[in-house]
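Heads up: the structure comes next, in structure tokens.
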Amino acid sequence: MNFLTQIDNLALIALLLVSGAALFLPTLSTLISGKGLSPTEATIWINRRKAHVLDLRAEEAFKAGHLPGAKTANVASLEAAIETLKLDHKRPLVLVCETGSQSRKALARVQKLGFLEVGVLEGGVQAWKIAALPLVK
């Protein structure tokens with residue numbers, strides 16, 4: 001009990017609590033707002049973690065070229081599309097659109113469906129192309 005009452009130790013305890021909170025905040029924000037993924041990080045999620053890839057672009061854009069293994073979904077009927085695709089909610093999910101903005105807007109809707117981990121491809125298919133990663137036609 002003496003340890004907690006000494007002024008030097010209180011400063012150490014405060015430092016420990018502040019540094020612990022600083023380490024936990026990025027994890028908390030990822031859980032709340034989803035994770036922005038670079039094309040490289042998205043590739044790791046897809047290859048190593050067997051993430052689902054959901055392309056939110058129009059059907060024509062999807063057919064012109066999409067990420068390997070991606071499935072298409074209409075943003076207007078996103079919940080119904082996910083239900084039809086029967087995606088495993090335990091596996092990570094990567095949302096993809098042309099620039100990343102549409103995916104960011106759909107993130108909260110997808111999280112409400114019970115997916116444990118959702119990421120958004122930052123920069124969308126445009127960033128994927130800039131990174132010289134392959135598209136499937």
Side-chain angles (χ1 to χ4, degrees):
M1 279 304 200
N2 265 349
F3 180 80
L4 296 177
T5 58
Q6 294 177 355
I7 193 75
D8 292 340
N9 294 339
L10 288 177
L12 288 174
I13 291 170
L15 180 64
L16 175 72
L17 292 174
V18 168
S19 63
L23 289 172
F24 182 68
L25 284 177
T27 303
L28 182 61
S29 71
T30 297
L31 291 173
I32 292 170
S33 65
K35 177 156 178 52
L37 302 172
S38 70
T40 304
E41 290 172 316
T43 302
I44 291 170
W45 276 36
I46 295 165
N47 292 336
R48 293 187 185 160
R49 302 185 64 207
K50 307 298 182 213
H52 296 292
V53 180
L54 197 58
D55 195 320
L56 304 177
R57 298 176 302 150
E59 186 73 30
E60 300 80 33
F62 180 80
K63 287 179 181 176
H66 57 272
L67 276 66
K71 297 191 176 14
T72 187
N74 186 336
V75 176
S77 58
L78 184 60
E79 291 81 358
I82 289 174
E83 193 66 33
T84 302
L85 292 170
K86 298 184 187 325
L87 302 179
D88 183 359
H89 289 41
K90 294 176 186 166
R91 285 173 47 189
L93 176 66
V94 178
L95 298 176
V96 179
C97 65
E98 192 62 35
T99 62
S101 60
Q102 198 172 33
S103 298
R104 206 31 94 195
K105 290 176 187 174
L107 180 66
R109 290 170 57 192
V110 172
Q111 287 176 324
K112 286 181 184 175
L113 296 175
F115 282 90
L116 299 177
E117 197 169 6
V118 183
V120 171
L121 178 60
E122 293 295 334
V125 173
Q126 290 179 0
W128 189 267
K129 289 176 186 176
I130 291 169
L133 293 168
L135 291 174
V136 177
K137 293 185 180 186

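Between the side chains of Ser101 and Thr99, at least one donor N or O lies within less than 3.5 Å of an accepting N or O.
To the nearest 0.5 Å, atoms CG (Leu116) and NE2 (His89) are separated by 9.0 Å. Gln126 CD to Leu121 CG: the interatomic distance, rounded to the nearest 0.5 Å, is 10.5 Å. Taking NZ of Lys63 as the reference point, atom CG of Asp55 lies at 13.0 Å (rounded to 0.5 Å). Considering CD of Glu41 and CD of Glu122, their distance stands at 9.5 Å, rounded to 0.5 Å. Summarising the geometry, atom CD belonging to Gln111 is positioned 9.0 Å from atom CG belonging to Leu95; distances are rounded to the nearest 0.5 Å. A distance of 9.0 Å separates CG in Leu56 from CG in Asn74, rounded to the nearest 0.5 Å.
Hydrophobic clustering (ILVMFWY, side-chain heavy atoms < 4.5 Å, transitive): Trp45 and Phe115 are in distinct clusters. In this structure, Leu113 is a member of the same hydrophobic cluster as Val75, with clusters built from ILVMFWY side-chain heavy atoms closer than 4.5 Å. Cluster membership for Leu54 and Leu107, using ILVMFWY side-chain heavy atoms within less than 4.5 angstrom, is shared. Grouping the Ile, Leu, Val, Met, Phe, Trp and Tyr side chains by contacts below 4.5 angstrom, directly or via other members, places Phe62 apart from Leu78. Both Leu135 and Ile46 are part of a single hydrophobic cluster, where members link through side-chain heavy atoms under 4.5 Å apart.
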Item to complete: I would like to know whether Glu117 and Arg91 meet salt bridge (Lys or Arg N to Asp or Glu O under 4.0 Å); could you show each step before the answer?
Response: CA-CA 7 Å; Glu117 197 169 6; Arg91 285 173 47 189; over 6 Å; no
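Here the shortest heavy-atom pairing between Val96 and Ser103 reads C-OG, 3.2 Å. Here the closest heavy-atom approach between residue Pro39 and residue Ala131 is recorded as CB-CB, 4.0 Å. For the pair Leu37 and Gly119, the tightest heavy-atom approach, listed with the atom from each and the gap, is CD1-CA, 3.9 Å. Contact between Ala51 and Val94 at its shortest, heavy atoms only, is CB-CG2, 4.0 Å. Shown here for Asn47 and Lys50, the closest heavy-atom pair between the two residues is O-NZ, 3.1 Å. The two residues Thr72 and Arg57 make their nearest non-hydrogen contact at OG1-O, 3.9 Å.
Other residues, nucleotides and ligands place more than 12 heavy atoms under 6.0 Å from the CD atom of Glu79.
Counting only distance, with no hydrogens or angles, the side chain of His52 and the backbone of Leu87 share no donor-acceptor pair below 3.5 Å. Of the possible donor and acceptor atoms, one in the side chain of Trp128 sits under 3.5 Å from a partner among the backbone N and O of Pro134.
His66 has its side chain out of reach of Lys71: every pair of non-hydrogen atoms, C-beta onward, lies at least 4.5 Å apart.
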